[in-house]
4 protein chains.
Amino acid sequence: MAEEKTDRSDDQWAQELLAIGGEEHMTPKQIAILKAAVEVFAEKGYAGAATSEIAQKAGVAEGTVFRYYKTKKDLLISIIGPTMGKLLAPFIIRNFGSVLNSPYETYEDFLRAFIVNRLDFARNNFKLLKILVQEIPFHPSLREQFVENVMNTIVEKVSLQLERFKEKGQIADVPTSAAIRFSASAALGFIMTRLLFQPDKDWNDEEEVEILIRLIMHGLSPK
Amino acid sequence: MAEEKTDRSDDQWAQELLAIGGEEHMTPKQIAILKAAVEVFAEKGYAGAATSEIAQKAGVAEGTVFRYYKTKKDLLISIIGPTMGKLLAPFIIRNFGSVLNSPYETYEDFLRAFIVNRLDFARNNFKLLKILVQEIPFHPSLREQFVENVMNTIVEKVSLQLERFKEKGQIADVPTSAAIRFSASAALGFIMTRLLFQPDKDWNDEEEVEILIRLIMHGLSPK
Amino acid sequence: MAEEKTDRSDDQWAQELLAIGGEEHMTPKQIAILKAAVEVFAEKGYAGAATSEIAQKAGVAEGTVFRYYKTKKDLLISIIGPTMGKLLAPFIIRNFGSVLNSPYETYEDFLRAFIVNRLDFARNNFKLLKILVQEIPFHPSLREQFVENVMNTIVEKVSLQLERFKEKGQIADVPTSAAIRFSASAALGFIMTRLLFQPDKDWNDEEEVEILIRLIMHGLSPK
Amino acid sequence: MAEEKTDRSDDQWAQELLAIGGEEHMTPKQIAILKAAVEVFAEKGYAGAATSEIAQKAGVAEGTVFRYYKTKKDLLISIIGPTMGKLLAPFIIRNFGSVLNSPYETYEDFLRAFIVNRLDFARNNFKLLKILVQEIPFHPSLREQFVENVMNTIVEKVSLQLERFKEKGQIADVPTSAAIRFSASAALGFIMTRLLFQPDKDWNDEEEVEILIRLIMHGLSPK
DNA sequence: CATGAATGAGTATTCATTCAT
DNA sequence: AATGAATGAATACTCATTCAT
């Protein structure tokens with residue numbers, strides 16, 4: 001649960017990278033390459049990034065990059081792949097097994113946990129996510145993988161939860177897909193505004209999250 | 001109001017391009033180049049697009065591309081610039097002048113008009129918007145322009161409306177910025193799912209919009 | 001004797017061009033093209049000059065340049081050719097016919113007339129000469145033409161004069177070729193310093209010419 | 001004193017290049033590139049030279065040229081820069097320190113040493129000098145550098161010598177600048193005729209130099 | 001393992017020249 | 001005669017990839 005912690009310095013995603021890479025069998029040079037690649041891909045995009053710059057930033061020779069990653073695309077994939085996996089982590093961990101094991105009593109609790117957790121993850125993996133979002137449109141295989149593995153998995157797992165809460169009468173009787181989309185959009189909109197569009201604003205995260213949850217749960221209509 | 005129509009074939013954005021380019025004084029070749037550029041930029045991204053491919057797809061010689069657009073970046077800007085402008089169109093047109101002139105009695109009406117109108121625009125300008133979204137991270141000048149001109153304008157205009165409705169007691173007393181973000185996120189989430197992630201699903205747009213508006217207005221809580 | 005006058009404004013070589021071009025059968029556009037070509041060739045060199053810039057500076061369409069001069073090289077040659085011819089003008093005019101007709105009593109008089117006249121010519125045709133000097137190394141045909149027509153002609157004509165003066169005992173008994181080279185070098189060195197290296201210095205031309213002639217005639221040895 | 005030797009084959013300037021380039025740390029390929037560049041620049045001029053031709057003539061791939069010289073202009077500068085420096089060599093070496101250290105008793109001796117030495121240098125560095133002379137008009141920075149560093153240095157150093165000889169009554173009382181110009185013009189005129197205009201003539205260099213010196217010292221007047 | 005020199009296909013851009021109007 | 005749109009070969013330069021050391 002390394003990514004759960006807060007108060008990380010900006011590029012603490014280095015730790016994520018180790019986890020992502022499969023931990024043990026990575027040499028310091030390989031780690032340096034991955035770190036440099038994340039940096040450069042995030043800044044210039046895959047097509048605009050030069051492997052020579054990555055090598056230089058990693059402090060290795062140009063050829064060394066290709067010793068670890070046969071092609072430039074391999075390097076991209078070995079960054080994006082694990083990042084996609086990590087997006088699923090909280091669901092796999094927390095909801096492992098059946099719905100019955102779910103620790104959440106209300107949808108509100110579930111939402112709160114989800115938003116706080118993923119905001120934290122996004123904060124700590126900002127550059128990785130930036131690459132993910134930037135490159136998915138240009139690599140059909142990545143897109144497929146993303147839709148199939150990530151989106152479908154999330155939708156499926158959350159659907160189970162949502163329907164449980166619906167049955168309990170905790171939430172309104174709207175199509176599950178619309179409800180998920182609505183929740184996820186509102187949450188993502190906040191996370192992206194928070195980290196991407198206005199990162200320098202003086203945010204009170206806890207308060208904002210509560211407002212967000214209130215809006216999702218009660219909408220804009222007055223009591 | 002060219003972008004208001006529905007049921008366009010996939011690349012009917014060609015018409016948009018004509019309007020975007022300043023209409024009358026464009027030669028067929030220039031139009032072909034713009035169309036080809038939109039196609040290729042959307043598919044491969046600016047950095048990954050080859051001017052030679054654009055020329056080939058446009059059916060002109062490589063040199064011809066540069067007769068009309070001095071640089072590759074000029075070509076990008078002459079696509080993105082007008083697109084940004086068009087994003088503002090409904091606000092400028094419909095809410096011209098003061099808030100008092102607003103034709104909307106309720107926030108719900110306003111929301112509905114906004115979502116329908118922009119969904120339609122997005123449908124007809126899908127590739128243009130894709131380029132816009134994809135390239136903004138890599139061109140600081142574009143980002144600035146976008147934030148300053150587009151986002152600030154929208155936020156400002158919508159703020160006025162929202163506060164008017166808040167005064168009327170039509171919507172809850174939440175911070176305006178959070179309310180706007182919430183509304184916009186929900187709307188954008190729908191539009192992107194509709195067009196980007198599941199374009200092939202059999203959507204009933206009118207119904208979906210009504211559900212979406214209901215969710216925004218009442219949230220997920222049961223009556 | 002148009003080129004004999006002094007006090008010309010900087011680009012009075014326009015008149016030269018008319019004379020050079022064969023005068024009568026040139027349209028205003030052709031003249032404009034030639035003038036523009038001289039300007040651009042002098043500034044950027046033949047290889048670095050763009051015909052489009054020449055056309056623009058001449059105020060004509062790009063195609064028009066090629067109506068008058070089939071190729072870019074034609075344009076260069078039609079500038080350089082006549083300029084080479086003009087270099088010979090004073091000899092052909094003044095020494096027309098036999099040596100006996102020569103109007104000069106002493107080599108000193110001849111030198112003085114030559115230097116003053118050619119300095120004036122150089123002043124009024126500065127750009128033309130610049131082109132000549134710059135391009136001759138790169139166009140073997142031009143070089144041949146220059147050596148054969150210009151240099152040999154000058155050497156031959158001056159040889160006759162020089163030998164006459166040598167017979168008269170007016171000048172020392174050195175090989176004619178060395179004497180010519182010596183005189184021409186000293187004169188050219190002054191002209192180039194005067195116009196090319198230090199054009200802004202406050203020159204007293206008459207005095208300088210007298211010193212130069214004294215040096216050529218008497219060398220550096222003290223009286 | 002590498003450049004002092006005579007009887008070099010045509011492109012023995014290769015040795016110069018090694019010295020010019022900083023000697024030791026040049027790979028064979030880099031040397032080949034420099035040699036090819038000198039060849040092509042001399043023949044076609046900087047603007048008319050194609051890097052592809054340089055690469056081909058050097059027997060390396062196009063990319064290799066740019067490994068060693070980031071731009072085409074870098075390549076030019078790395079040829080011209082050291083050549084300019086070498087022009088000053090004899091003054092720096094021979095007249096190091098003050099005028100008092102000068103090894104020459106008479107201006108004639110000084111002239112003779114200068115002409116012989118520089119003729120030899122020009123012979124061995126013909127193409128390098130050709131490039132220098134050809135490109136100076138088109139590169140303002142080169143011109144400045146040349147005037148400031150080379151010309152001014154030479155003029156200054158020679159002025160000191162000349163004035164010393166003038167005081168001794170060895171040479172006439174003409175303005176120093178005119179005397180230098182006169183000497184240099186006569187010498188350069190000979191060197192250029194010797195190497196550029198009539199390289200194939202059967203020259204007796206020693207005799208020619210003596211005549212030249214006599215002309216500079218005593219002019220054309222008979223004894 | 002690691003290097004970095006070498007490669008050559010690929011890129012954006014320029015420009016002399018042509019030709020339909 | 002004059003135009004200027006169109007061309008496409010040529011140009012300087014980049015970069016992912018290979019390979020001998």
Side-chain angles (χ1 to χ4, degrees), chain A residues 27-30 33 46-56 58-76, chain B residues 27-30 32-33 46-56 58-75, chain C residues 27-30 33 46-56 58-76, chain D residues 27-30 32-33 46-56 58-75:
Chain A
T27 73
K29 282 195 199 257
Q30 186 169 10
I33 290 167
Y46 173 76
T51 51
S52 59
E53 190 187 347
I54 293 171
Q56 196 199 352
V60 302
E62 296 189 38
T64 306
V65 173
F66 292 89
R67 195 150 275 288
Y68 289 104
Y69 304 94
K70 240 158 73 91
T71 66
K72 189 186 176 189
K73 196 152 204 168
D74 268 13
L75 188 47
L76 176 69
Chain B
T27 72
K29 289 208 187 225
Q30 186 169 9
I33 291 166
Y46 173 76
T51 51
S52 60
E53 190 186 346
I54 293 171
Q56 197 197 355
V60 303
E62 287 207 49
T64 306
V65 173
F66 292 91
R67 274 211 141 263
Y68 288 104
Y69 303 94
K70 249 157 62 103
T71 65
K72 190 187 175 188
K73 196 152 205 168
D74 265 17
L75 189 47
Chain C
T27 71
K29 281 194 198 258
Q30 188 168 9
I33 291 168
Y46 173 75
T51 51
S52 60
E53 190 186 346
I54 293 171
Q56 197 199 352
V60 303
E62 295 189 38
T64 306
V65 174
F66 292 88
R67 195 150 275 288
Y68 289 104
Y69 304 94
K70 240 157 72 91
T71 67
K72 189 186 175 188
K73 197 153 205 167
D74 268 14
L75 187 49
L76 175 68
Chain D
T27 72
K29 291 211 184 221
Q30 186 169 10
I33 291 167
Y46 174 75
T51 50
S52 60
E53 189 186 347
I54 293 171
Q56 197 196 356
V60 303
E62 286 207 49
T64 307
V65 173
F66 293 92
R67 273 211 143 264
Y68 289 104
Y69 303 94
K70 249 156 66 100
T71 65
K72 189 187 175 188
K73 196 152 207 168
D74 264 17
L75 189 48

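Letters go in sequence order (proteins before strands), and every chain restarts at 1.
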(message) Assuming nearest nucleotide by heavy-atom distance, tell me which of A:K29 and B:Y46 is located more 5' along DNA chain E.
(response) A:K29

Taking side chain to side chain contact (heavy atoms under 4.5 Å, CB included) as the test, write out the residues that go with [X], two or more places apart.
X	value
A:K73	A:Y46, A:T71, A:I77, A:H139
A:F66	A:T51
C:A50	C:S52, C:E53
A:A58	A:A32, A:I33, A:A36, A:V60

(request) Would you jot down, in residue-number order, the residues of residues 61-71 of chain B having a non-hydrogen atom under 4.0 Å from DNA chain F? (result) B:A61, B:G63, B:T64, B:R67, B:Y68

(message) So, using side-chain hydrogen bond (donor to acceptor under 3.5 Å, both in side chains) as the criterion, who are the partners of D:Q56 when residues are at least two apart?
(response) none

(message) Tell me every residue that passes side-chain hydrogen bond (donor to acceptor under 3.5 Å, both in side chains) with D:E62, counting only those two or more places apart in sequence or in another chain.
(response) none

(request) Quick one: the dot-bracket string of DNA chain F, using Watson-Crick and G-U wobble pairs with both distances under 3.5 Å, [ ] for crossing pairs and | for bases paired to another strand. (result) .||||||||||||||||||||

(message) From C-beta outward on C:V60, which listed nucleotide comes closest to its side chain: F:dA12, F:dA16, F:dT3?
(response) F:dT3

(request) Find which nucleotide of DNA chain F each of D:K73 and C:G59 is nearest to by heavy atoms, and output the residue with the more 5' nucleotide. (result) C:G59

(request) Check every strand shown and say whether A:A49 touches a base, only sugar-phosphate, or nothing at a heavy-atom separation below 4.0 Å. (result) sugar-phosphate

(message) Work out how far the C1' atom of F:dT21 is from that of E:dC1, and round it to whole angstrom.
(response) 13 Å

(message) I'd like the 5' and 3' limits of the part of DNA chain E contacted by chain C, with heavy-atom contacts below 4.0 Å.
(response) E:dA16 to E:dT18

(request) Could you tell me the separation between the NZ atom of A:K72 and the P atom of F:dC15, rounded to a whole number of Å? (result) 8 Å

(request) Please report, rounded to the nearest Å, how far the P atom of F:dT11 is from the CD atom of D:Q56. (result) 11 Å

